[in-house]
Amino acid sequence: AQSVTQLGSHVSVSEGALVLLRCNYSSSVPPYLFWYVQYPNQGLQLLLKYTSAATLVKGINGFEAEFKKSETSFHLTKPSAHMSDAAEYFCAVKGNTGKLIFGQGTTLQVKP
Amino acid sequence: DAGVIQSPRHEVTEMGQEVTLRCKPISGHNSLFWYRQTMMRGLELLIYFNNNVPIDDSGMPEDRFSAKMPNASFSTLKIQPSEPRDSAVYFCASSRDRGTGELFFGEGSRLTVL
């Protein structure tokens, strides 16, 4: 069975500061890992995905994530936060059954 | 390209009424997923289909919930009878395959049961 744990339900950063959103996964098979973003009153949009190619994955809007098997982690980072990055972020894992299982989400607040 | 289309976007109904939510997946996608989102429970997978066949419905809360996919371009999620605790945002998503393909989400149907 697969699962993900997002550490921290709320993260607050200043505009221009580093963004770090943490995600740890559990999977009995090599996982496919995803980060999604949800803006208010909208559906989820894919930020990036890891599918066993390069361990450092670059996504949209300047975000990237690094797959670390030894730490079972897939943390999301962005060097410099923008006000427009304020949203809820979800880490998700997909196993060989095709099911995509989401973490509880992390709300990112960006302060001016 | 049209994305995943859900209807209605908002539904307000009274306890005991039947609710039907509709979804049109992206053309060419062969997997379809229904999720429910609440503050308390986050995003829960209710059911998913592959090639119109239900593969896993273990997330369906109880017999009041049912989902169908009569063809590759249409799916419904029905709640009968509805209860206040069913109030949530219901998302439909589709995917090109069961492997590495990401899910594309609709904008959701916000259900309020009074």
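- Of the atoms belonging to A:Phe90, it is side-chain heavy atoms, and not backbone ones, that fall under 4.5 Å from chain B.
- Other residues, nucleotides and ligands place more than 12 heavy atoms under 6.0 Å from the CD atom of B:Glu83.
- Every residue meeting the side-chain hydrogen bond (donor to acceptor under 3.5 Å, both in side chains) condition with A:Asp85, not counting sequence neighbours, appears here in chain and number order: A:Lys78.
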Which side-chain N or O atoms in residues 36-44 of chain A pair as donor and acceptor under 3.5 Å with protein atoms at least two apart or in another chain?
residue, atom, partner, partner atom, Å
A:Tyr36, OH, B:Leu103, N, 2.9
A:Tyr36, OH, B:Leu103, O, 2.8
A:Gln38, OE1, B:Gln37, NE2, 3.0
A:Gln38, NE2, A:Gln42, O, 2.9
A:Gln38, NE2, B:Gln37, OE1, 3.1
A:Gln42, OE1, A:Gln45, NE2, 3.4

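- Put simply, the side chain of A:Lys99 does not reach to within 4.5 Å of the side chain of B:Ser31, judged on heavy atoms.
- When hydrophobic clusters are built by joining Ile, Leu, Val, Met, Phe, Trp and Tyr residues whose side-chain heavy atoms come closer than 4.5 Å, directly or via intermediates, B:Tyr90 is not grouped with B:Val4.
- Near-neighbour residues of residues 39-46 of chain B relative to chain A, defined by a heavy atom under 4.5 Å from a heavy atom of that chain, comprise B:Met40, B:Arg41, B:Gly42, B:Leu43, B:Leu45.
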Report all side-chain donor-acceptor pairs from residues 104-114 of chain B shorter than 3.5 Å, counting only partners two or more places apart or in another chain.
residue, atom, partner, partner atom, Å
B:Glu107, OE1, B:Arg9, NH1, 2.7
B:Ser109, OG, B:Pro8, O, 2.6

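- Heavy atoms from other residues, nucleotides or ligands lying under 6.0 Å from CG of B:Asp63 number 12 at most.
- Side-chain heavy atoms closer than 4.5 Å link hydrophobic residues (I, L, V, M, F, W, Y) into clusters, and following such links, even through other members, never connects A:Trp35 to A:Leu7.
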